[in-house]
Amino acid sequence: MPLEVPRYSPTGSKPGTIKVGSASWAVLAVLRKTGAWMTHAQILLATKRGTKSVCWALLYLQALGLIESGTDTRNSRYKRYRAKKLESI
């Protein structure tokens, strides 16, 4: 009997939502709190999370359009990140 991928989330969360306490939530909170450009290493120290979870969180938050990245002055291979300004309605 082949396994099927469920069409719903077993935890009840909707796609594109960020759970409180997750790595994405922690990264976004740090970037919004500082409001400044931060390197990957600075985000690792501030969130006290692992490299893989922070990398995934940065990719996920960029895909959602919540953060932006720019090149670092050291080398074009390095990136800096900051939270996008919240638009008031």
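All values derive from a computational prediction rather than experimental measurement.
- Following chains of ILVMFWY side-chain contacts shorter than 4.5 Å, one cannot reach Tyr78 starting from Val54, and the two form parts of different hydrophobic clusters.
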(request) Dump the intermediate steps for side-chain contact (heavy atoms from CB on, under 4.5 Å) on Val30 and Gln42, then the final yes or no. (result) CA-CA 10 Å; Val30 165; Gln42 291 170 328; over 6 Å; no
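- Ile67 and Trp37 end up in different hydrophobic clusters when Ile, Leu, Val, Met, Phe, Trp and Tyr side chains are linked at under 4.5 Å.
- Put simply, Leu45 and Leu58 are part of two different groups of oily side chains (I, L, V, M, F, W, Y) that touch within less than 4.5 Å, one to the next.
- No donor-acceptor distance shorter than 3.5 angstrom exists from the side chain of Arg80 to the backbone of Thr39, with no hydrogens or angles considered.
- Ser24 approaches Leu61 most closely through the heavy-atom pair O-CD1, 3.7 Å.
- Note that CD1 of Ile43 is 10.5 Å distant from CG of Leu28, once rounded to the nearest 0.5 Å.
- Residues Leu31 and Arg82 approach most closely at CD2-CA, 4.2 Å, considering heavy atoms.
- Contact record, Arg49 with Ala23: NH1-N, 3.4 Å, taken as the closest heavy-atom pair.
- Contact record, Gly65 with Lys84: O-CD, 3.3 Å, taken as the closest heavy-atom pair.
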(message) As a quick check of understanding, evaluate side-chain contact (heavy atoms from CB on, under 4.5 Å) for Met38 and Tyr81, giving each step before the final call.
(response) CA-CA 5 Å; Met38 295 181 75; Tyr81 304 91; 5.7 Å; no
